[in-house]
Every structure is written in structure tokens, then in C-alpha cells.
Amino acid sequence: MSPETVAAIARLRDRRILSDAQADAFGRVARGDLLSIRAELRLLLYAGVLLLTSGVGIFLKENHDRIGPAAIAIAVAVAAAACLAYAARRSPPFSWDAAASPHVAADYALLLSMLLIGADLAYAETQFRMLGPHWAYHLLLVSLIYFAAAYRFDSRAVLTLALTSFAAWRGVSVAMPYGHPGDGAGSSAAAIRLNALGCGLLFIAVGVVLARARRKAHFEAVWVGMGTILLFIGVLSGVLEHEAEWRIWEVALVVLGGAFLAACYRLRRPLEFAIATAALYVGGFRVLAEAIDGGGPGALLLIAIWSAAALIFLIAATRRMRRAG
Amino acid sequence: MRKAWADLSAIEEVRDAARGWKAAGGIDAPALSAIEAAYPDPRIRLHGFWRVLIFVLVSAVVNALFFAMQPGSSAIFGASLIFGGLLVGATEALRGSRYSGTGLDAASSFWALTYLLVAAADLLFRQKALPDETAVTAMIAAIAVAGALAAWRWGFWIYMACAVAAAYVWGARFPGARPLWIAISIFGLWLAWRRRDAGELPPDHRRGLAAMFAVCAAALYVAVNLYSVDHRIVEAMAANGPGLDSLVTVQQHAAGWLVRLLAGLATAALPGVFLAWGIRARRTLLLALGLAAAALSAVTLRYYVHVAPLWVILSACGAILIGVALAIQRALRGRPGGEWRGLTAAPLYEGERGISPLAALAAHAVGGARVSTPEEPGRLETGGGEYGGGGATGSY
């Protein structure tokens with residue numbers, strides 16, 4: 001119950017901001033006469049999915065010698081198909097607009113089916129070696145299945161899994177010890193970094209293009225958010241890990257960060273603005289570390305000044321954004 | 001808490017409710033604007049990530065400045081006291097400013113308490129103001145008092161939770177702690193319940209009471225749980241108690257069969273009591289406590305009774321939870337108006353949200369299997385393998 005909201009509803013009704021019907025409906029909830037337990041049902045469903053997938057994981061580990069890999073793979077596939085069918089029956093038809101299922105369990109059945117499919121494909125690849133030395137391509141396959149499901153069932157959660165699996169495929173492909181004969185560890189790290197940058201740019205571009213084309217435009221935040229994180233992680237890894245060329249990466253970080261800040265400020269994108277600020281802040285420590293030889297009070301004072309500068313910048317940006325908004 | 005802060009807290013409550021009405025389509029944009037004009041809030045509202053970032057930046061500034069001063073061991077008490085005092089002043093100023101709720105005031109209050117407690121710890125332990133065991137007890141009391149004062153003055157519920165938890169640990173330092181925990185918990189639950197909707201309290205203080213209620217309920221569960229009785233979890237905190245070893249080893253102590261029987265019954269019954277209370281009173285906090293207690297009781301049961309392999313238990317529990325959720329939803333939907341005793345499965349004015357991406361990634365990390373590399377043929381790892389690269393890490 002919220003006494004303030006109850007009092008406010010009465011006041012808003014008197015001032016005709018709320019109609020009688022609205023005030024009655026909102027008042028019941030504010031007084032605690034009506035309570036939605038949808039969040040608790042979702043919690044139960046999520047815990048159920050977690051426990052089931054954990055149980056399946058242990059089952060795969062403990063029983064693959066006794067029951068046989070083919071039987072296990074088929075059993076898990078059947079379970080995944082059943083969950084997918086449940087989700088499909090309770091989901092609205094495909095649409096390029098937002099079309100989430102109103103059924104509380106459809107999202108979770110879909111998530112469970114995707115997790116089971118991912119586990120099953122990984123298990124099958126481990127047992128049967130269908131892709132041989134190109135085993136990492138199973139991540140691409142998983143990612144494509146997730147993409148298809150995310151778009152069909154309008155699920156941002158599954159889209160996140162798809163993007164993560166895609167990025168992981170690029171990382172695993174590059175990092176495979178036999179993937180690039182003759183490559184040293186350093187070149188592998190560089191290749192992973194470039195893949196992170198490539199994935200980041202790709203995700204941002206796809207997100208923007210799909211939003212402009214009005215193809216699941218509400219997914220744009222997921223595409224751009226993941227892309228921004230990958231992009232800055234890639235550049236930051238160059239700044240923090242690269243001994244020889246860190247200055248080039250630092251310049252790249254400043255340019256990219258500046259461009260992001262300007263664009264996000266114009267477009268009122270607070271999340272990406274904060275990510276860019278955080279990346280510039282962390283990247284600045286490399287310059288500080290190079291400028292100061294060793295620790296001591298001077299270094300700590302510089303850290304304090306640098307952190308205070310970032311803080312002042314954020315607060316000033318907040319005020320400006322608010323004024324402009 | 002100053003009246004102006006309490007008023008802002010009340011305004012925030014109304015504006016949050018109005019945003020929920022708008023998100024659920026209950027009101028239109030002009031109505032929301034009218035409500036926001038009627039309940040103006042000069043404070044800046046920030047995205048959660050901004051608040052975390054601001055908290056981290058303030059923490060970096062404060063701690064870098066403190067350690068840059070390089071207070072020697074003899075000056076730690078004075079330096080911490082001065083820093084803590086300055087940060088208390090900063091928090092006072094920030095709580096009344098437009099930056100209240102941006103992470104600035106949360107960080108300054110947190111570090112104010114931390115530095116004041118560091119000063120207390122320096123006095124008690126380094127300067128040996130008291131014997132060791134007494135100093136530990138006094139330190140825990142200081143944490144409880146500081147947390148309670150901070151919660152009362154600034155309205156952060158997390159400090160109330162910490163204060164009540166510290167008070168329980170303080171109580172456990174003395175003989176007869178378990179019955180004391182039970183008695184205090186029941187009194188605390190009654191007290192917090194009685195004042196839960198008191199209109200004269202600002203929303204921040206009511207949230208503090210809810211935090212107190214949750215900690216009291218948790219303490220009651222710990223005090224009566226069979227595993228806790230067998231492993232003497234409460235007694236492990238005593239000044240001259242069995243110590244942390246008792247958490248993993250069963251002590252040959254004299255918890256008689258009657259005590260164990262009562263503990264077993266209470267372990268089974270308490271989740272049901274919380275759930276029934278939550279349904280009757282229509283309180284989500286009680287429902288959440290009931291669910292958490294049910295999960296812990298299930299784990300306790302599994303510890304004592306091995307009826308099936310772990311994968312069967314996990315899968316069965318998962319299937320049961322999903323089945324129960326679906327059954328409740330179906331039962332509620334079938335009722336007139338989709339309601340039963342004032343409970344509904346409809347989203348009302350909270351705005352419908354899907355599974356959060358972070359929750360999906362967490363679920364992905366828990367289950368599944370990892371493909372082994374060709375160097376390790378046939379190996380299968382389950383329960384969350386790892387992959388990385390492309391700038392991303394994750395598990396499946």
C-alpha cells in the first residue's frame with residue numbers, strides 16, 4: 001500500500017486529471033486491495049528454467065556412457081521441440097513490429113527450448129564430431145537458430161543470446177590453436193581484438209539499418225548496446241594490453257569515444273553515452289600509468305583528479321541533456 | 001530525515017505510480033504531464049548505469065584522496081574521522097539537492113559510514129581500547145548503530161538491512177543467542193508489520209521497515225532451520241563459540257531429539273506460513289520470503305534425504321516450479337475478473353517486461369555443455385562451459 005499515492009489519486013480526481021473510473025482502478029492497487037503476482041510467477045518460471053537446464057547439464061555429463069549419445073541427443077531434442085511448440089502455440093503470428101506474447105510462460109518456454117537446443121548441439125558435436133576441426137562453427141549454427149527464434153517470437157532475451165553466440169563464434173574461431181597455423185599468442189589476441197571491433201561495428205550497423213527499415217525497430221537498443229560494448233572492449237584491450245602500439249589505440253579510443261559522446265548526446269542515448277564515458281575513463285588510466293613512474297601520493301592524486309574530472313563531465317552532461325530534453 | 005527530503009520521497013512515489021499507469025496505457029501523455037506538473041520533482045533522474053558509474057567515480061575520488069594523504073598508522077584514526085565527518089556533511093548537502101538519487105549521495109553516505117567505522121576499528125583494534133573479543137562485539141554494535149542512524153537520517157533502506165543484520169550478529173555473541181534470535185525476530189516482524197503502511201512515515205522509512213522485516217524473517221528462518229541447528233550456525237558467531245568450522249562439520253552437541261524434531265517441523269512449515277500470510281495480506285515481500293524459504297527448505301531436505309540423483313532432483317524441481325506457475329496463472333485467469341482474494345496474474349500498472357537480457361545470459365551460463373577441443377577428444381563439461389573471444393565472454 002502507498003498512502004501517498006492513495007491521497008494523490010483523490011486529489012487528481014478532484015482536479016479532473018483522473019476520471020472516476022481511472023481513480024477507482026488505480027486506487028484499488030494503491031490501497032493494496034488488488035495485487036499482481038505476475039512478477040512472482042515469472043520468478044518461478046525463471047527458477048524452473050534454471051533448475052531444468054542445470055539438471056539436463058548434469059544428466060548429459062553423467063549418462064552419456066550408459067544410455068548412449070544418440071538416445072540422449074534425441075531425447076533432449078524432443079524436449080526442446082516440445083518447449084518450442086508450446087511457445088509457438090501461445091505466441092501471436094510473426095510481425096515486423098513488436099509482437100510479444102501476452103502469455104506469461106511463452107517467453108520462458110522459448111528460452112528453455114533455446115537453451116536445450118544449444119546444449120544439445122554442443123553435446124552432439126562433442127560426441128559425433130560432425131564438423132571436425134571446424135567444431136566452432138556449431139556456435140554459428142546456434143547463433144543463427146537463436147536469431148531466427150528471436151525474430152519469430154519477438155524476444156529481446158533470445159536476441160541477446162544470438163549476438164553473444166555470434167561474437168563467441170568469432171572469438172573461438174580465431175582463438176582455435178589449429179585455426180591459424182603459425183600464429184603466435186600475440187597475433188591471436190590481435191585477431192580476437194579485430195573480431196571484437198568487427199562484431200561491434202556490424203551489430204551497430206545492423207541495428208541502425210533494421211530500425212530505419214522498421215524491421216523489429218524495438219530490437220535496435222539490443223543491437224546497438226551490444227555493439228557499443230564490444231567496440232569499446234576491443235579498443236580498450238588495445239589500449240591496456242598492447243605494449244608497442246598502445247598510443248595508436250589510445251588515439252582511436254579518444255576519437256571513437258568523442259564521436260560516440262557527440263552522437264549519443266544528440267540522439268539522447270544515456271546508456272551508450274555512459275558506456276563511452278566509462279571507456280574513456282578507463283582508457284585514461286593507461287596515459288596516467290605511463291606518465292607516472294610507480295605509485296605514491298602523486299599517482300593517487302592524479303587518479304583522484306582524473307576521476308573527479310570524469311564525474312564533473314558526467315554531471316555537466318546530465319544537466320545539459322536535461323535542459324535540452 | 002528532514003521534512004523536505006520526506007516530501008520529495010513522497011512525490012517520487014506518486015510520479016513512479018503515474019509512470020506505471022502511463023506504461024500500462026491507463027493514462028495518456030497529457031495526463032502524465034499534468035500529474036508531473038502537480039507533483040514537481042526538481043531532482044535529476046538517471047539511468048541505472050549512470051548511477052553505478054557515478055558511484056564508482058565518487059568512490060575512486062574519495063579513496064584516492066584519502067590514500068594520497070598517506071596517513072601513517074598513528075594518524076589513521078584522526079584522518080578517518082575527518083574524512084568521515086566531511087563525507088557526512090557532503091551527504092547532508094547532497095540529499096537535499098537536485099543530485100539526490102543520482103549515486104552521488106549513495107556513494108558519499110557509504111564512504112562516510114565506512115571511514116567512521118574505520119576510525120572506530122582503529123580505536124578498538126590497533127589502539128587496543130578494549131580486549132579483543134570485547135572489541136569485536138563493540139565493533140559489531142558500532143556497525144548496527146551507524147547503519148540504523150544512517151537509515152533513519154538519509155533514508156537508504158540498505159543501511160537498515162545492514163544495521164538489523166549486525167544487531168543479530170551482535171546478539172549472537174552472547175549465550176542463549178538462538179532463543180533470543182527467535183524472540184527478537186517475532187517482535188521485529190510484529191513491529192515492522194504494524195507500521196508498514198503508516199502514513200506519517202515517509203516512503204524511504206517504510207522501505208527501511210520492509211528491509212527490517214525481511215532481515216527479521218531471514219533471522220527467524222536461520223534460527224529454526226534444522227541444518228542451522230545441527231551445524232550451530234548461530235552459535236558459531238558467539239564470542240567463544242565453535243567458530244566457522246561448525247558450518248561444514250556436524251558437531252556432536254546436545255541438540256536433543258525434541259529440538260531437532262521441532263526444527264525439522266519449523267523448516268517445513270515456515271515457508272508455508274510466509275506464503276499463506278503473503279496471500280492473505282497481498283504482500284509481494286512475504287511471497288518472495290516464502291519462495292526463498294521454500295527453496296532453502298528444499299535444499300535442507302536434499303541434504304538429509306537422498307531420494308534420487310541430483311539431476312533428477314533438479315529437473316523435477318524445475319518442472320514442478322514451471323507447472324505450479326502455469327497452474328496458478330490458469331487458475332487466476334479462470335476466476336471472475338481474473339482475480340482471487342485480490343490477487344491477479346495480470347500485469348496491472350507495472351508495465352509488461354520480458355526476460356531481461358542479463359537473466360537470459362545467466363540462464364545460458366548455468367546449463368548446457370561445452371564442446372571439447374580436438375586435443376581432448378570425447379571430453380564433455382557440463383553445468384556451464386565457457387567461451388570467449390570476439391571481445392565477449394560467455395558460457396553455454
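- Distance check, rounded to the nearest 0.5 Å: OH of A:Tyr108 to CG of B:Leu326 gives 11.5 Å.
- Residue B:Phe66: no heavy atom, backbone or side chain, is found under 4.5 Å from chain A.
- Proximity to chain B is absent for every atom of A:Leu159, based on heavy atoms less than 4.5 angstrom apart.
- Of the two parts of A:Phe313, neither the backbone nor the side chain holds a non-hydrogen atom closer than 4.5 Å to a non-hydrogen atom of chain B.
- Counting non-hydrogen atoms of neighbouring residues, nucleotides and ligands closer than 6.0 angstrom, the CZ atom of B:Arg43 exceeds 12 such neighbours.
- There is no contact between A:Phe166 and chain B, counting heavy-atom distances below 4.5 Å.
- With a 4.5 angstrom heavy-atom cutoff, A:Ser237 does not touch chain B via any of its atoms.
- Residue B:Arg45 qualifies as enclosed at atom CZ: its count of foreign heavy atoms under 6.0 Å is above 12.
- Residue with the most contacts toward chain B among A:Leu301, A:Ile303, A:Leu12: A:Leu12 (heavy-atom pairs, distance under 4.5 Å).
- Closest heavy-atom contact between A:Arg42 and B:Ile355: NH1-N, 4.4 Å.
- Side chain to side chain, A:Ser2 and B:Glu13 meet the donor-acceptor criterion of an N or O pair below 3.5 Å.
- Listed here is the closest heavy atom pair of B:Phe49 and A:Ile275: CE2-N, 3.8 Å.
- Of all the heavy atoms in A:Tyr46 and B:Ala362, the pair that sits closest is OH-CB, 3.5 Å.
- Looking at B:Ile11, neither its backbone nor its side chain comes within 4.5 Å of chain A, counting heavy atoms on both sides.
- For chain A, the nearby parts of B:Ala10 are the backbone and the side chain; heavy atoms of each come within less than 4.5 Å.
- Contact tally against chain A (heavy-atom pairs below 4.5 Å) for B:Val61, B:Ile27, B:Val56: the top residue is B:Val61.
- B:His47 places none of its side-chain heavy atoms less than 4.5 Å from the side chain of A:Arg269.
- With chain A as the partner, the residue from B:Ile54, B:Ile44, B:Leu358 showing the most heavy-atom pairs under 4.5 Å is B:Ile44.
- Heavy-atom distances place both the backbone and the side chain of B:Ala359 under 4.5 Å from chain A.
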Can you list the steps and then say if A:Leu314 with B:Leu57 is a side-chain contact (heavy atoms from CB on, under 4.5 Å)?
CA-CA 10 Å; A:Leu314 259 186; B:Leu57 290 172; 3.8 Å; yes
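- Distance check: A:Ile58 CD1 to B:Ser315 OG gives 8.0 Å after rounding to the nearest 0.5 Å.
- If you measure heavy-atom distances from A:Ile9 to chain B, the contacts under 4.5 Å come from the side chain alone.
- Between chain A and the residues B:Ala68, B:Ala360, B:Pro309, the most heavy-atom pairs under 4.5 angstrom are made by B:Ala68.
- In terms of modelled atom types and a separation under 3.5 Å, the side chain of A:Gln22 and the main chain of B:Gly26 share a donor-acceptor contact.
- Remark: A:Leu43 CG to B:Thr284 OG1 distance equals 11.5 Å, nearest 0.5 Å.
- A distance of 4.5 Å separates CD of B:Gln329 from NE2 of A:His103, quoted to the nearest 0.5 Å.
- Interface summary for chain A: among B:Gly278, B:Ala281, B:Pro203, the most heavy-atom pairs under 4.5 angstrom belong to B:Pro203.
- When heavy atoms are compared at a cutoff of 4.5 Å, A:Ile305 does not approach chain B at all.
- Contacts of B:Arg206 with chain A are made by side-chain atoms alone, with heavy-atom separations under 4.5 Å and no backbone atom involved.
- When all heavy atoms of B:Ala31 and A:Ile17 are compared, the pair lying nearest together is O-CG2, 4.0 Å.
- Looking at B:Ile322, the atoms closer than 4.5 Å to chain A (heavy atoms on both sides) sit in the backbone and in the side chain alike.
- With rounding to the nearest 0.5 angstrom, the CZ atom of A:Phe26 is 10.5 Å from the CG atom of B:Leu348.
- Residue B:Phe55 holds its CZ atom at 12.5 Å from CG of A:Leu311, rounded to the nearest 0.5 Å.
- Contact count versus chain A (heavy atoms, under 4.5 Å) is highest, among B:Glu339, B:Met69, B:Arg283, B:Arg341, for B:Glu339.
- By the 30° and 60° cut-offs, the orientation of the rings of B:Trp50 relative to A:Phe273 is parallel.
- Contact annotation for B:Leu332: only side-chain heavy atoms (C-beta onward) come within less than 4.5 Å of a heavy atom of chain A.
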Run A:Glu4 and B:Glu12 through side-chain contact (heavy atoms from CB on, under 4.5 Å) and show every step you take.
CA-CA 10 Å; A:Glu4 294 78 16; B:Glu12 185 183 3; over 6 Å; no
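- Interface remark: B:Leu343 contributes backbone and side-chain atoms alike to the contact with chain A (heavy atom separation under 4.5 Å).
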Under the side-chain contact (heavy atoms from CB on, under 4.5 Å) criterion, do A:Ile37 and B:Thr344 qualify, and how do the steps go?
CA-CA 6 Å; A:Ile37 56 166; B:Thr344 178; over 6 Å; no
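- Side-chain N or O atoms of B:Arg282 include none that pairs as donor or acceptor with a backbone N or O of A:Leu35 at under 3.5 Å.
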Dump the intermediate steps for side-chain contact (heavy atoms from CB on, under 4.5 Å) on A:Thr318 and B:Thr102, then the final yes or no.
CA-CA 10 Å; A:Thr318 305; B:Thr102 57; 5.9 Å; no
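- Across A:Ser36 and B:Ala346, no two heavy atoms sit closer than the pair OG-O, 2.5 Å.
- Looking at every heavy atom in both residues, B:Leu53 comes nearest to A:Ala278 through CD1-CB, 3.8 Å.
- Across B:Leu314, B:Val14, B:Val52, the residue that shares the most heavy-atom pairs under 4.5 angstrom with chain A is B:Leu314.
- For a residue to count as touching a neighbouring chain, one of its non-hydrogen atoms must lie under 4.5 Å from one of that chain's; by this rule B:Leu104 touches chain A with the side chain only.
- In this structure, the side chains of B:Leu361 and A:Thr164 come closer than 4.5 Å at one or more pairs of heavy atoms.
- Annotation: maximal heavy-atom pairing with chain B below 4.5 Å, among A:Arg28, A:Met226, A:Arg15, occurs at A:Arg28.
- Heavy atoms of A:Ala109 lying under 4.5 Å from chain B are absent altogether.
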